[in-house]
Each structure stands twice: as structure tokens, then as C-alpha cells.
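Okay, structure first, notes after.
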Amino acid sequence: MRDQESGVVQIHESICVGCGTCASACPYENIRMTEVFDHQGRLYRDATTDLPIEKATKCDMCSKLPSGPACVAACPHDALVRIDLTESKPLQEWLDLRS
Ligand code: SF4
Ligand code: SF4
């Protein structure tokens, strides 16, 4: 679901049934299906098939991290920046800084 304020799309883990439709549909390969584990590190498995249960995962802009996106903080070359692409000004300013 899309957060109305930030615009970030987040996967509602408790609602996702792992059908994979979103991962197949995303043209940017931005959504992946991943196995899920309990607190002891054990795989959740389907009771009928015994196959690992998968759920969708994607970048959530590190929305639970007070310090913001971890990838941005980790890049030693300042090559990563989060920009609202609905506004061209921040992107142009960032590009100007690097020219
Ligand atoms: S895998 Fe994707 S499309 Fe399927 S229920 Fe989960 S979020 Fe929805
Ligand atoms: S580290 Fe970057 S790519 Fe990964 S979830 Fe956080 S913001 Fe998204």
C-alpha cells in the first residue's frame, strides 16, 4: 500500500499471501519473493506441501530507521541520493553540485 504522506509503497507483511503477482509485474525487478523465518531462524513452511513460504519484499526507504536510508549513509562516494522525481529542482541541484 502507498503511504499517503511519503508516497512510499510498502508491502503489508501480514496481508501478503506470497502469490508473486507483484514481483512478476514489476518492470524494474524491484520486488522479490523471499523466504520468511521465525525468531529462531527456522523457515516457515506450508503445512500441506512443506515448501518454504515466500512473501514479497522491496525497498521501503528504510522507513523504520530514524537515521534514514542505510544505502545512502553507506555510500562512501556520495553517489546515492534520495530525490523526489516529481520535482526536478532537487535533482538539478544535486547534479550541479557534481559538475
Ligand atoms: S506477493 Fe505481491 S501481489 Fe501477492 S499478495 Fe503479496 S504483495 Fe500482493
Ligand atoms: S538500504 Fe536503501 S535500498 Fe535498502 S531498503 Fe533502505 S533505502 Fe531501500
Side-chain angles (χ1 to χ4, degrees):
M1 80 181 74
R2 186 180 295 280
D3 183 281
Q4 292 302 307
E5 280 182 29
S6 67
V8 175
V9 174
Q10 295 187 325
I11 292 162
H12 202 303
E13 207 175 299
S14 63
I15 297 175
C16 174
V17 297
C19 69
T21 305
C22 56
S24 301
C26 179
Y28 305 106
E29 298 184 7
N30 228 352
I31 304 175
R32 295 180 188 194
M33 303 306 295
T34 186
E35 296 164 338
V36 285
F37 299 85
D38 67 14
H39 290 299
Q40 272 84 45
R42 294 173 301 207
L43 276 172
Y44 280 110
R45 292 181 178 276
D46 184 283
T48 309
T49 64
D50 202 39
L51 291 171
I53 290 172
E54 293 189 330
K55 296 209 177 206
T57 185
K58 66 177 283 296
C59 170
D60 65 354
M61 297 284 288
C62 290
S63 56
K64 294 190 179 101
L65 271 186
S67 53
C71 53
V72 174
C75 178
H77 304 288
D78 291 336
L80 260 176
V81 64
R82 291 287 174 177
I83 288 173
D84 182 351
L85 288 175
T86 62
E87 297 175 29
S88 59
K89 195 172 170 217
L91 177 59
Q92 192 57 55
E93 285 173 351
W94 185 72
L95 290 171
D96 289 345
L97 280 173
R98 268 132 195 91
S99 61

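FYI, the numbering just counts along the sequence from 1. Numbering of ligands and ligand atoms starts at 1, following listing order.
You'll find the side chain of K55 stays beyond 4.5 Å of the side chain of I11, heavy atoms only. Two residues are said to be in side-chain contact when any heavy atoms from C-beta on lie closer than 4.5 Å; I31 and K58 meet this criterion.
Closer than 4.0 angstrom to ligand 2 by heavy atom are C59, D60, M61, C62, P69, A70, C71, R82, sorted by chain and number.
For the side chain to side chain contact (heavy atoms under 4.5 Å, CB included) with T57, the qualifying choice from R32, E13, M33 is R32, the only one to do so. Applying side chain to side chain contact (heavy atoms under 4.5 Å, CB included) to V8 and the options M61, R2, M1 leaves one that passes, M61.
The shortest heavy-atom contact between C62 and A70 is SG-N, 3.3 Å. Closest non-hydrogen pair, C16 versus A56, comes out as SG-N, 3.5 Å.
The CZ atom of R45 sits 8.0 Å away from the CG atom of L51 when rounded to the nearest 0.5 Å.
The ligand atoms of ligand 1 that sit less than 4.0 angstrom from a heavy atom of M33 are 1 (S).
Around atom 2 (Fe) of ligand 1, the protein contributes the following N, O or S atoms under 2.8 Å, ordered by chain and number: C22 SG.
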